[in-house]
Amino acid sequence: MKRFIGGIIFLILLSGCAEQNSSSVASVINYNDELYIAAPKLDSNNYSIDKELGTIQDTVSPTDTKPQKNFSSNYYKKGTVIYSSKEDEDIILVKENDEVILYEKE
């Protein structure tokens with residue numbers, strides 16, 4: 001009986017992990033034919049907006065981790081503005097609802 005209950009608990013935990021992994025896809029932007037990945041570990045207080053680089057022109061499927069077209073994203077809608085960083089040319093920024101989100105060149 002203990003084995004049976006242990007097996008059921010194991011299956012429940014295993015199925016929970018599978019669901020969590022399938023929904024955790026990184027937000028990606030293709031800018032200048034380079035991929036930029038969301039960088040939540042970087043402190044946005046260390047970076048500031050410099051110049052407007054352009055806007056998202058195409059939104060692809062959220063599961064597409066390598067958008068092919070320049071100015072495309074698997075997260076942002078068409079028209080979202082992309083900015084350069086004053087501090088690092090390998091970082092681009094998106095301002096969304098007064099929050100600055102950092103993207104690091106892959």
Side-chain angles (χ1 to χ4, degrees):
M1 186 61 137
K2 287 182 183 181
R3 263 191 194 172
F4 178 72
I5 293 173
I8 290 176
I9 291 172
F10 175 75
L11 288 175
I12 290 170
L13 292 173
L14 186 62
S15 67
C17 291
E19 287 178 27
Q20 184 178 18
N21 288 338
S22 66
S23 65
S24 58
V25 175
S27 173
V28 181
I29 295 172
N30 182 326
Y31 164 68
N32 237 8
D33 295 318
E34 298 275 354
L35 294 179
Y36 289 78
I37 316 270
K41 292 183 180 179
L42 295 178
D43 185 355
S44 62
N45 293 318
N46 294 331
Y47 299 90
S48 53
I49 291 174
D50 188 21
K51 300 175 187 164
E52 184 175 317
L53 300 172
T55 61
I56 296 296
Q57 299 298 310
D58 188 33
T59 303
V60 298
S61 167
T63 58
D64 185 351
T65 58
K66 296 192 182 237
Q68 298 297 310
K69 292 181 184 176
N70 196 25
F71 289 101
S72 63
S73 173
N74 68 346
Y75 182 76
Y76 291 105
K77 294 178 183 174
K78 185 177 181 176
T80 302
V81 181
I82 303 169
Y83 301 94
S84 63
S85 163
K86 288 181 183 177
E87 295 76 18
D88 188 340
E89 64 184 25
D90 289 336
I91 301 289
I92 60 173
L93 303 94
V94 173
K95 191 172 182 182
E96 182 179 53
N97 301 326
D98 294 327
E99 180 182 1
V100 174
I101 297 100
L102 303 174
Y103 285 77
E104 188 170 28
K105 188 188 281 187
E106 184 178 57

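We count residues from 1, following the sequence as given.
In this structure, the side chain of Asp88 engages the main chain of Asp90 through a donor-acceptor pair within 3.5 Å. Thr59 places a side-chain N or O within donor-acceptor distance of the main-chain N or O of Tyr76, the cut-off being under 3.5 Å. Between the Glu106 side chain and the Glu104 main chain, no donor and acceptor come within less than 3.5 Å of each other. Side chain of Asn32 to backbone of Glu34: no donor-acceptor contact under 3.5 angstrom is found. No donor-acceptor pair closer than 3.5 Å links the side chain of Asn30 to the backbone N or O of Ser72. A distance-only check finds a donor-acceptor pair linking the side chain of Ser73 to the backbone of Val28 [under 3.5 Å]. At least one donor-acceptor pair closer than 3.5 Å links the side chain of Asn74 to the backbone N or O of Ala26.
Looking only at side-chain heavy atoms (C-beta outward), Glu87 and Asn46 stay at 4.5 Å or farther from each other. Contact annotation: the side chain of Phe71 approaches that of Ile82 to within less than 4.5 Å [non-hydrogen atoms, C-beta and beyond]. Annotation: side chain of Val100 is not in contact with side chain of Tyr47 (no heavy-atom distance under 4.5 Å). Taking the side chain as every heavy atom from C-beta outward, Ile29 and Pro67 never approach each other to under 4.5 Å.
Dense packing is recorded around OH of Tyr83, with more than 12 heavy atoms of other residues, nucleotides or ligands lying under 6.0 Å away. Surrounding CD of Glu89 are at most 12 heavy atoms belonging to other residues, nucleotides or ligands under 6.0 Å away.
Connection of Ile101 to Leu93 is not established within any shared hydrophobic cluster, with ILVMFWY side chains joined at heavy-atom distances below 4.5 Å, either directly or through further cluster members. A continuous path of hydrophobic side-chain contacts links Ile49 to Val81 [ILVMFWY only; heavy atoms under 4.5 Å].
Using the six-membered ring where Trp is involved, Tyr31 and Tyr36 have ring planes that are tilted, between 30° and 60° apart.
Expressed to the nearest 0.5 Å, how far CD1 of Ile91 lies from CG of Asp50 amounts to 13.5 Å. With values rounded to the nearest 0.5 angstrom, Ile37 atom CD1 is found 7.5 Å from Thr65 atom OG1. Atom NZ of residue Lys69 and atom CG of residue Asp33 lie 12.5 Å apart, to the nearest 0.5 angstrom. Between the OG atom in Ser85 and the CG atom in Leu102 there is a gap of 7.5 Å [rounded to 0.5 Å].
Using a 3.5 Å distance cut-off with no hydrogens or angles, the side chains of Ser27 and Tyr103 do pair a donor with an acceptor.
Between Glu52 and Thr55, the shortest heavy-atom distance links the atoms OE2-CG2, 4.5 Å. When all heavy atoms are compared, the tightest approach of Thr80 to Lys77 is OG1-O, 2.8 Å.
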